[in-house]
Amino acid sequence: MPPLAELHLHLDGSVEPETLLEIDPSLTREEIAANTSYSDFAGFLKSFVWVNKRLRTPDDYARVARRLFDRLEREGVTYAEVILSVGVVLWKEQNLPPIYGALIREASRSRITVRWIFDAIRQFGPETAKPVFDLAAERVGEGVIAIGLGGDEERGPARLFADLYREARDRGLRLTCHAGEMAGPASVWEALEIGSERIGHGIRAIEDPTLVAHLAAKNIPLEVCITSNLRTGAVASLAAHPVRRLYDAGVPIILNSDDPALFGCTLTSEYELAAREFGFTEGQLAGLARNAFRYAFEESVAVGR
C-alpha cells in the first residue's frame, strides 16, 4: 500500500482494552467487554460514552493519543485528522485547555502529521454546541483545523447549526458533518446546505439518485467507514453496503476506521475489506488512498484541490 491518511477517526473510539486497564487498573477485562458490547447504534453510543467517562485527566487523553499514533505509524499512516469529542469533554465538566495541551504535545512527538477536528453533540442543540465551536476557533493555527457534529442525527438536525457553521467558516475553520449514517438522504442535503465540505459516512445518499449525482458532480467526498456501518446496524449486512455503488457512480470515497477499538478494525483492515468484499482492485485502492490526501483539510498535504 502507498502512504495512508485517515480523515474520520475518533480519538475517544480508539481506546483499546489494554489502555483502559492502564488508565483504570480497577477495571476487569470482563467489565470492559460487557460495557463495550452493543447491538445497535443507540447501544454503540452508550459504549462510546462509557469509555469516554474513563478518561479523567490530561494524562489519560495523552496515553490514548500516544497508543493511537504508534499504531497509525505501524500501519503506514502519515497524516491524520483526529476527531476529539469536545462536546463530551464539556458535558463531563472537564477543562479542555490542559487536555488539548497534552494532546498536541503527544502529536508533536509523533512522526505523523496530526490535525484535530472538534466535535459537538448535535442532540444537545446549538446553544450547547456554541462553546465547542468557540474553543475550536480559538485554536485555529494551533492544530485545530475543522469543526463537526456527531451524535444522533435525527434528534439534532444539521439545519439547527447553520449560524454556527457560517461563523465557523468565517473564523477560519473547515467544515464537516456526520450525516446519512442512520438518517436518510435529507440529512445529507441539510449538512451540505449549512456548508459541509465533507460528509461523515453519507452512505444513505444512495437512496437519492439526485443526491448521488450532486455529490459526484460537485466532487464532495464521503468519509466511508464500512465496518462501523455494519457494527452499528447502519447497513444490514456487508452485501448491502453501498460503497461500491457510490464509487461506481463517481462519488469521491475516502476509507476510514471511525472508532477502531469499538468496531474491531483498523484503517488497513478497511482497505482489505474493500478489496475482499467489494472487488476494489489494487489500482482502485491506491486511488482511494490518494483521495484521503486530496480531500484533507490541511492544504500542505492536499493535492488536486
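No hydrogens, no waters, no symmetry mates; every other heavy atom, side chains included, goes into these values.
- Atom NZ of Lys92 sits in a crowded spot, with more than 12 heavy atoms from other residues, nucleotides or ligands closer than 6.0 Å.
- Side chains of Tyr247 and Val224 form no contact here, defined as non-hydrogen atoms less than 4.5 Å apart.
- No salt bridge links Arg171 with Glu167; every basic N to acidic carboxylate O contact stays at or beyond 4.0 Å.
- The six-membered or imidazole ring of Phe280 lies away from that of Tyr271, with a centre-to-centre distance of 6.0 Å or more.
- Nearest heavy atom pair, residue Arg122 against residue Gly151, reads CD-C, 3.9 Å.
- Only one option out of Glu81, Glu298, Glu299 pairs with Arg115 in a salt bridge (Lys or Arg N to Asp or Glu O under 4.0 Å); it is Glu298.
- Residues Leu230 and Leu238 meet the side-chain proximity criterion, which asks for heavy atoms closer than 4.5 Å.
- Looking at Ile199 and Pro221, their side chains never come closer than 4.5 Å, going by heavy atoms from C-beta outward.
- With contacts defined as side-chain heavy-atom distances shorter than 4.5 Å, the pair Asn256/Leu9 does not qualify.
- Heavy atoms only, all atoms of each residue included: Ala275 and Leu285 are closest at CB-CD1, 3.8 Å.
- At a cut-off of 3.5 Å, with distance as the only test, no side-chain donor of Glu197 or Thr176 sits close to an acceptor on the other residue.
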For Thr232 and Phe263, run side chain to side chain contact (heavy atoms under 4.5 Å, CB included): C-alpha distance rounded to whole Å, both residues' side-chain angles, the deciding distance at 0.1 Å, then the answer. CA-CA 9 Å; Thr232 63; Phe263 296 137; 3.7 Å; yes

Before giving the answer on side chain to side chain contact (heavy atoms under 4.5 Å, CB included), spell out for Val132 and Ile121 the whole-Å C-alpha distance, their side-chain angles and the decisive distance to 0.1 Å. CA-CA 9 Å; Val132 179; Ile121 305 173; over 6 Å; no

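- Put simply, CG on Leu55 and CG on Asp12 are 7.0 Å apart, with the number rounded to the nearest 0.5 Å.
- Here Phe118 pairs with Tyr100 under the ring-ring contact (aromatic ring centres under 6.0 Å, His included) rule; sequence neighbours left out.
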Leu27 vs Arg54, side chain to side chain contact (heavy atoms under 4.5 Å, CB included): CA-CA, chis, key distance, verdict: CA-CA 10 Å; Leu27 293 172; Arg54 312 278 83 74; 3.9 Å; yes

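- A salt bridge links Asp134 to Lys130: one of the charged nitrogens lies within less than 4.0 Å of a carboxylate oxygen.
- Considering all non-hydrogen atoms of both residues, Phe297 and Leu175 come closest at CZ-O, 3.6 Å.
- When all heavy atoms of Leu90 and Pro131 are compared, the pair lying nearest together is CD1-CB, 3.9 Å.
- Annotation: ring-ring contact (aromatic ring centres under 6.0 Å, His included) contacts of Tyr79 (sequence neighbours excluded): none.
- Using modelled atom types, one finds no donor on one side chain facing an acceptor on the other under 3.5 Å when comparing Ser257 with Glu270.
- Sorted by first then second residue, the ring pair (Phe, Tyr, Trp, His ring centres under 6.0 Å) pairs that include residues 49-71, not counting sequence neighbours, number zero.
- For Glu181 (side chain) and Asn229 (main-chain N/O), no donor-acceptor pair under 3.5 Å exists by modelled atom type.
- In this view, Arg63 and Glu22 satisfy the side-chain hydrogen bond (donor to acceptor under 3.5 Å, both in side chains) rule, not counting sequence neighbours.
- Classified by interplanar angle (parallel below 30°, tilted 30° to 60°, perpendicular above 60°), the ring pair His10/His178 is tilted.
- Of the charged side-chain nitrogens involved, at least one lies within less than 4.0 Å of a carboxylate oxygen, so that Glu18 and Arg29 count as a salt-bridged pair.
- Val86 is not listed as a side-chain neighbour of Asp119, based on a closest heavy-atom distance of 4.5 Å or more.
- By the 30° and 60° cut-offs, the orientation of the rings of His241 relative to Phe278 is perpendicular.
- Of the charged side-chain nitrogens involved, at least one lies within less than 4.0 Å of a carboxylate oxygen, so that Arg109 and Glu106 count as a salt-bridged pair.
- Closest approach of Ser14 and Ala261 over heavy atoms only: C-CB, 3.5 Å.
- Scanning all heavy atoms of the two residues, the minimum distance from Ile23 to Val64 falls at CD1-CG2, 4.0 Å.
- With salt bridges taken as basic N to acidic carboxylate O contacts below 4.0 Å, none links Arg159 and Glu193.
- Between His214 and Trp189 there is a side-chain heavy-atom pair separated by less than 4.5 Å.
- Asp24 and Ser26 are linked by a side-chain donor-acceptor pair at a separation below 3.5 angstrom, with hydrogens and angles left out of the test.
- The salt bridge (Lys or Arg N to Asp or Glu O under 4.0 Å) test applied to Asp170 returns no partner, not counting sequence neighbours.
- The closest side-chain heavy-atom distance from Pro252 to Ile220 is not below 4.5 Å.
- Taking the six-membered ring for Trp and thresholds of 30 and 60 degrees, Trp91 and Phe124 have ring planes inclined between 30 and 60 degrees apart.
- When the side-chain contact (heavy atoms from CB on, under 4.5 Å) test is applied to Pro242, the partners found at least two apart in sequence or on another chain are Ile203, Ile206, Val235, Arg245, Leu246.
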